[in-house]
Amino acid sequence: MAQPSVLPPASSSQSSSSKSRTSLVNGHYSNGDATRESASVRVQIIDDEKQFTSELTPQIATWGLQNAGFDYDIVSVFGSQSTGKSTLLNRLFGTNFDVMDESRRQQTTKGIWMCKAKGMNVMVMDVEGTDGRERGEDQDFERKSALFSLASSEVLIVNLWEHQVGLYQGANMGLLKTVFEVNLGLFGKKTADGRNQRTMLLFVIRDHIGTTPLANLQATLTADMQKIWETLSKPPELQDRRLSDYFDLSFAVLPHKMLAADKFEVEVQALRKRFAEKSRDDYVFKPAYHKRIPADGVAFYMEGIWEQVQTNKDLDLPTQRELLAQFRCDEISTAALVEFSEQAKPQRRPIESGKVVEGLGGMMRTWRSTALERYDRDASRYHQGVYKRKRADLISVLDSTLSPLFLGQLKNLHKDCMVTFKAEMHEGMRGEGYNFADVVKAARGRCETRFLEAAGEALVDGAEWTYDDAFALLQEDVRSVADQCRKDETKKMVNIIERNFKKQISEPVEIHLNKPGIDMWDKVLTVFRDILGKAEASYLAKAKSFDCTDEENATALATLRKRAWLALCAKIGEQTSDSTFLSKLRVHFEERFRYDEHGVPRVWRPGDDIDGAFKNARDQTLELVPVYSKISPIDPSLQYTLPSDTSDSFTGAEDFDFPATLIIFTETKILDLMNRFRRDADAFYVEAKRSTVSSVAQIPYWMYGVLVVLGWNEAMAVLFNPVYFAILLCLIAAAYIIVQLGLVGPLFTLLRTVSTEIQRQATDRLREHFSQHVHAQPVRSRPLPVKYEADEDHELRHVKAEPM
């Protein structure tokens with residue numbers, strides 16, 4: 001707020017003026033009284049810059065009205081400039097408002113002033129006059145000050161000359177119409193106690209010479225007020241309201257102050273009594289007019305009214321000069337916009353198609369400055385307020401037209417930078433030995449530099465645009481792409497490390513699982529730990545170039561450990577499948593049943609302890625099944641652990657139960673494998689028993705002597721026959737050469753192959769031959785096969801033959 005003007009009683013010219021005043025009648029006050037009462041200070045509550053004072057509350061306390069409650073009244077004056085409003089108030093209430101120097105006839109009261117009446121609890125407001133040459137066509141303050149005084153006062157003195165009665169502008173009827181209309185919209189509703197806010201309009205007709213009676217003047221003013229009220233634009237809910245619902249009209253006349261000075265003073269004194277004597281019928285301060293605001297809250301109440309008046313747009317009516325300026329500025333602005341739109345139109349399609357227009361910022365700055373220069377050249381000579389306001393509107397339209405181009409340029413630039421960034425990333429990651437962090441840093445730097453340069457070029461001076469949000473979005477997208485590339489590369493690296501781990505772990509695990517023993521799992525887990533340590537070291541060495549965070553490294557290592565363990569479990573599962581595991585058991589059993597402690601194959605004889613050897617080999621083999629059933633090392637430090645909720649950060653798989661992976665065979669599976677192995681072992685036992693039976697049924701020695709006696713003649717025939725003997729020598733020589741060259745095995749293989757092929761060909765031919773006559777041949781019974789099985793003591797016994 002502007003600093004208020006608080007002035008002491010008028011001095012110098014003011015004091016000389018007060019000395020020239022004649023004393024009021026009835027002894028209410030003389031010149032000495034006026035001097036003494038002039039200690040009552042006046043305050044400017046609203047200055048000519050339309051700022052409300054902050055000094056009204058302390059001033060009310062100075063006047064002694066702080067604790068007056070509702071025992072006070074407010075009166076204000078309204079009228080044209082230089083019609084003696086301040087003089088009238090000083091005469092009526094003993095105030096000390098500045099009065100006009102009659103020799104100069106210029107504006108005296110600026111803004112709105114307030115002073116306490118002499119001898120009465122009345123606050124008097126002196127309002128700046130209307131239609132002054134100082135403000136000219138600017139009627140904004142006139143309208144607002146009139147509405148303020150009407151809304152805040154109990155009595156509004158309308159000061160006018162007699163010759164102004166019947167005039168529309170001269171009597172301020174147009175201003176009153178505007179004030180009434182806005183006042184009805186702002187303050188026309190009923191108060192909390194259900195009554196309308198009423199105000200007395202006291203028309204004081206000055207310089208009355210008596211030619212026209214007061215009754216005629218009163219009738220003319222009343223008719224004018226009724227006409228004004230009927231033509232008001234009322235709110236829908238107040239259409240039926242009448243003038244008498246809000247205002248009471250009262251009238252008074254005063255003779256000419258200079259030509260009939262004595263009579264003027266007498267009439268002023270008579271008018272004063274209407275303000276001072278409560279017993280009179282025409283007493284103006286009736287309870288219906290009081291605003292019911294305590295005296296200590298008057299300042300806040302008036303300030304609230306002024307804020308409502310200030311913010312009301314219905315009072316902002318333009319002057320003729322402003323109307324002309326609005327019309328011409330709109331025309332000039334439209335012409336500038338047409339040219340501007342034609343220039344900007346060709347660039348919209350490339351922007352909308354997703355292209356980055358080179359030099360767009362320079363073009364937009366040129367279009368904008370050209371349009372503003374044209375507007376400034378043609379419109380600057382009109383009303384400056386309208387010119388500046390329309391210029392601001394033009395700038396807003398220009399910027400709103402260019403803004404989509406700017407935003408589209410940023411969008412296309414963002415897309416183009418991202419495409420380039422991705423291409424540079426993939427190009428930098430080709431081949432081996434690249435540093436991922438350096439590739440990302442270099443590509444990001446080029447991307448951001450290109451965006452900032454192009455975005456800065458697209459800015460227009462004076463436009464409230466910024467590319468900070470777009471740049472932040474670009475940085476976020478670049479970060480997202482870089483993070484995704486890092487994840488992909490990390491995933492690829494983990495996959496490579498996993499494949500190498502599987503290759504390295506496969507052979508050692510297979511070797512240790514093929515050599516079962518009590519420390520088998522210790523050996524397997526030792527190999528696993530060593531190879532896993534190398535894999536983790538390899539990852540950490542490569543992860544340094546990826547600029548991974550500790551959290552990302554921890555996650556990747558957890559994934560690598562899980563995959564390594566699963567790879568080990570898969571290899572173990574492969575080596576412990578039913579067929580493979582049973583094969584291992586058979587091999588282990590055969591090594592202990594078919595071979596002795598020196599590894600020499602056993603040839604079973606009837607006197608050998610086959611049963612004991614079988615039981616020892618079988619029991620030793622069955623003891624291996626529990627060893628294989630669970631991954632359980634002897635050394636506790638080799639026990640490998642993983643969290644049961646470990647998830648794969650690359651595949652998202654979470655269904656992993658680590659304790660379950662330690663179990664190779666369940667109890668049910670162990671029993672099944674043992675039963676199946678026992679059946680296989682029984683077959684080996686039966687085979688061993690059969691070999692002893694075949695060794696018992698060997699050829700007697702005397703049979704060899706019979707063969708010599710019976711075959712003597714044939715042997716002599718071969719020896720003494722040159723042909724047979726030569727053939728025998730050739731066969732012996734060939735056998736010697738084959739043995740010396742080591743061709744016995746290949747020769748037997750060749751003979752076996754030839755005999756097999758001959759047998760197959762013969763079988764096929766016979767099958768074809770007999771299949772043609774099988775329907776004519778009777779079916780012959782075949783002998784039933786003899787079946788042997790081992791009893792509980794592993795002794796062979798004959799079983800009834802079953803038909804095939």
Within this structure, what is the [atom1]-[atom2] distance for the pair [X] and [Y], rounded to the nearest 0.5 Å?
X: E448; Y: E453; atom1: CD; atom2: CD; result: 12.0 Å
X: T661; Y: K562; atom1: OG1; atom2: NZ; result: 10.5 Å
X: I664; Y: K669; atom1: CD1; atom2: NZ; result: 12.5 Å
X: T763; Y: R765; atom1: OG1; atom2: CZ; result: 10.5 Å
X: D519; Y: L638; atom1: CG; atom2: CG; result: 10.5 Å
X: L473; Y: Y467; atom1: CG; atom2: OH; result: 15.5 Å

Test your reading of the model: is there a side-chain donor-acceptor pair from [X] to the backbone of [Y], 3.5 Å cut-off?
X: S755; Y: R752; result: yes
X: Q639; Y: S632; result: no
X: T580; Y: T576; result: no
X: D522; Y: I634; result: yes
X: D672; Y: T668; result: no
X: N412; Y: I351; result: yes
X: S583; Y: S579; result: no

Considering only NZ, NE, NH1 and NH2 on the basic side and carboxylate oxygens on the acidic side, decide whether [X] and [Y] come within less than 4.0 Å.
X: R479; Y: E476; answer: no
X: D764; Y: R767; answer: yes
X: R349; Y: E352; answer: no

| task | Applying side chain to side chain contact (heavy atoms under 4.5 Å, CB included) between D530 and each of V527, L532, T526, report the one that passes. | result | T526
| task | Could you pull out the closest heavy-atom pair between A556 and Y539, with the gap in Å? | result | CB-OH, 3.0 Å
| Any idea which heavy atoms bring F725 and L719 closest together, and the distance? | CD1-O, 3.7 Å
| Are F421 and F451 an aromatic pair by the rule of ring centers under 6.0 Å? | no
| For the residue pair F677 and F589, is the inter-centroid distance of their aromatic rings smaller than 6.0 Å? |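 Yes: the rings meet the under 6.0 Å criterion.
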| message | Pair K422, E427 - check salt bridge (charged side-chain N to carboxylate O under 4.0 Å, His left out), show working. | response | CA-CA 9 Å; K422 292 178 182 178; E427 182 66 24; over 6 Å; no
Taking the side chain as every heavy atom from C-beta outward, state whether [X] and [Y] have any atom pair closer than 4.5 Å.
X: C417; Y: L474; result: yes
X: V478; Y: V440; result: no
X: I497; Y: R563; result: no
X: D416; Y: R450; result: yes
X: L582; Y: L673; result: yes

| said: Ring-plane angle category for Y628 and W521, please: parallel below 30°, perpendicular beyond 60°, tilted otherwise. | reply: perpendicular
| query | Run the salt bridge (charged side-chain N to carboxylate O under 4.0 Å, His left out) check on E590 and R586 step by step: do they pass? | reply | CA-CA 6 Å; E590 287 185 21; R586 284 195 297 269; 5.7 Å; no
Would you say [X] has more than 12 foreign heavy atoms packed within less than 6.0 Å of its [atom1]?
X: Q620; atom1: CD; value: yes
X: D469; atom1: CG; value: no
X: E757; atom1: CD; value: yes

